[in-house]
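Presented below is the structure to which this report refers.
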2 protein chains.
Amino acid sequence: MDRELLKGSTPLLLLSLLCEGPMYGYQIIETVRQRTGGTYTLKEGALYPALHKLEATEFISSYWETQENGRERRYYSLLPAGQAFLTAKKKEWNQFVDMVQAFVGPRA
Amino acid sequence: MDRELLKGSTPLLLLSLLCEGPMYGYQIIETVRQRTGGTYTLKEGALYPALHKLEATEFISSYWETQENGRERRYYSLLPAGQAFLTAKKKEWNQFVDMVQAFVGPRA
DNA sequence: TTGACGGCCATCGTTTAGCGAGGCACATTG
DNA sequence: CAATGTGCCTCGCTAAACGATGGCCGTCAA
């Protein structure tokens with residue numbers, strides 16, 4: 001998968017995932033990897049900065065949770081503003097796809 | 001339209017357009033602007049470098065053509081290698097869309 | 001005749017996302 | 001004890017698109 005194509009889709013992906021419930025970083029990476037059958041492996045260097053940025057803009061929030069074995073995990077959850085932003089992003093995504101499709105032509 | 005989303009889609013767009021026949025830079029910009037109803041204005045700073053790169057990799061070729069009024073235009077046309085590349089790019093594009101769609105959910 | 005406008009090419013510096021590599025810490029397993 | 005896996009993170013680099021800018025030339029109105 002071309003890296004350049006992915007650019008800009010990360011926030012949409014993250015917001016969409018968190019819409020299903022709170023998740024922590026490592027879990028997000030694994031989930032994406034598994035759901036795409038290994039096609040797409042979200043990189044840590046892309047994930048964490050994106051997550052922090054989303055948190056800084058108040059679209060998501062985070063909290064630490066201690067597991068039974070004593071280890072910590074940082075969970076992220078969607079905030080109402082993030083929910084709204086996701087809706088807008090989805091719309092934008094659909095427009096974008098339609099736009100490109102108009103030039104590329106319908107799917108084979 | 002979010003600029004980040006566009007990243008990486010430019011070569012696909014250009015190749016798709018040139019697949020319909022030779023075009024020159026300014027014409028490409030106008031065509032995109034008109035077909036998208038003004039939603040997307042391809043910028044010169046994105047177009048020309050992209051075109052030159054595509055030419056450097058032998059996916060397209062260019063030739064100057066003189067108009068009746070004596071002015072010159074640089075036309076770009078798709079080469080066989082570019083045709084093949086376009087096919088591959090289209091496939092990749094479809095995979096990408098499917099991937100994102102899988103997380104975002106089906107279209108409203 | 002001069003000046004504004006539009007067609008047409010192009011480059012340059014900046015921004016920004018993602019990448020790859022690296023680092024740190026702790027748990028489990030062999 | 002060592003290796004592997006879980007889990008967080010940052011940093012320097014690459015590369016695409018942006019915005020600004022510049023130049024050239026034709027046309028048409030003032």
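The chains referred to below are lettered A, B, ... by the order of the sequence lines, with proteins before strands, and numbering in each begins at 1.
Among the atoms of the strands shown, only primed sugar atoms or phosphate atoms (P, OP1, OP2) are found under 4.0 Å from some heavy atom of A:Q67. As judged by a 4.0 angstrom heavy-atom cut-off over every strand, B:E68 is placed among residues making no nucleic acid contact. Heavy atoms of B:G70 sit nowhere under 4.0 angstrom from any nucleic acid atom. Using a 4.0 Å heavy-atom criterion, one finds that B:Y40 contacts no nucleic acid atom at all. Within 4.0 Å of A:G25, counting heavy atoms only, lie sugar-phosphate atoms of the nucleic acid but no base atom.
Using cut-offs of 30° and 60° on the angle between ring planes, the pair B:F96 and A:W93 is perpendicular.
Positionally, the nearest nucleotide of DNA chain D for A:R74 lies more toward the 5' end than for the other of A:R74 and A:K7. Along DNA chain C, the nucleotide nearest to A:N69 and the one nearest to A:P49 differ in position, and the one closer to the 5' end is contacted by A:P49.
What separates CG of B:D2 from C1' of C:dA17 is a distance of 11 Å, to the nearest Å. Taking atom NZ on B:K53 and atom C1' on D:dA16, their separation rounds to 8 Å, with Å as the unit. Between the NZ atom of A:K43 and the P atom of D:dT10 there is a distance of 19 Å, rounded to whole Å. Going from atom CG of A:L6 over to atom C1' of D:dA15 covers 14 Å, rounded to whole Å. When rounded to the nearest whole Å, the span between CZ of A:R73 and P of D:dG7 equals 4 Å. Atom CZ of A:R3 is separated from atom P of C:dT16 by 18 Å (rounded to the nearest Å). If you measure from atom CD of A:E65 to atom C1' of D:dT6, you get 16 Å, rounded to the nearest angstrom. In this structure, CD1 of A:I29 is placed 11 Å from P of D:dG7, rounded to the nearest angstrom.
Put simply, CD on B:E44 and CD1 on B:I28 are 11.5 Å apart, with the number rounded to the nearest 0.5 Å.
For B:T10, a side-chain nitrogen or oxygen approaches OP1 or OP2 of D:dA17 to under 4.0 Å. When the side-chain nitrogen and oxygen atoms of A:Y48 are compared with OP1 and OP2 of D:dC9, none of them lie within a distance under 4.0 Å. The side chain of B:H52 contributes no N or O atom lying less than 4.0 Å from OP1 or OP2 of C:dC9. Contact between the side-chain N/O atoms of B:Y24 and the OP1/OP2 oxygens of C:dC8 is found at a separation under 4.0 Å.
Taking a cutoff of 4.0 Å between a charged side-chain nitrogen and a carboxylate oxygen, A:K7 and B:D2 do not qualify as a salt bridge.
Side-chain polar atoms of B:S62 and B:R74 form a donor-acceptor pair below 3.5 angstrom.
For B:W64, counting side-chain heavy atoms from C-beta on, the closest listed nucleotide (C:dC19, D:dC9, C:dA10) is C:dA10.
Exactly one residue among A:Y48, A:Y75, A:Y76 makes a ring pair (Phe, Tyr, Trp, His ring centres under 6.0 Å) with A:Y24. That residue is A:Y75.
Remark: the B:R71 side chain and the C:dG7 base include a donor-acceptor N/O pair separated by less than 3.5 Å. No hydrogens or angles were tested; on distance alone, a donor-acceptor pair under 3.5 Å links the side chain of B:E44 to the base of C:dA10.
A donor-acceptor distance shorter than 3.5 angstrom exists from the side chain of A:T36 to the backbone of A:Y40, with no hydrogens or angles considered.
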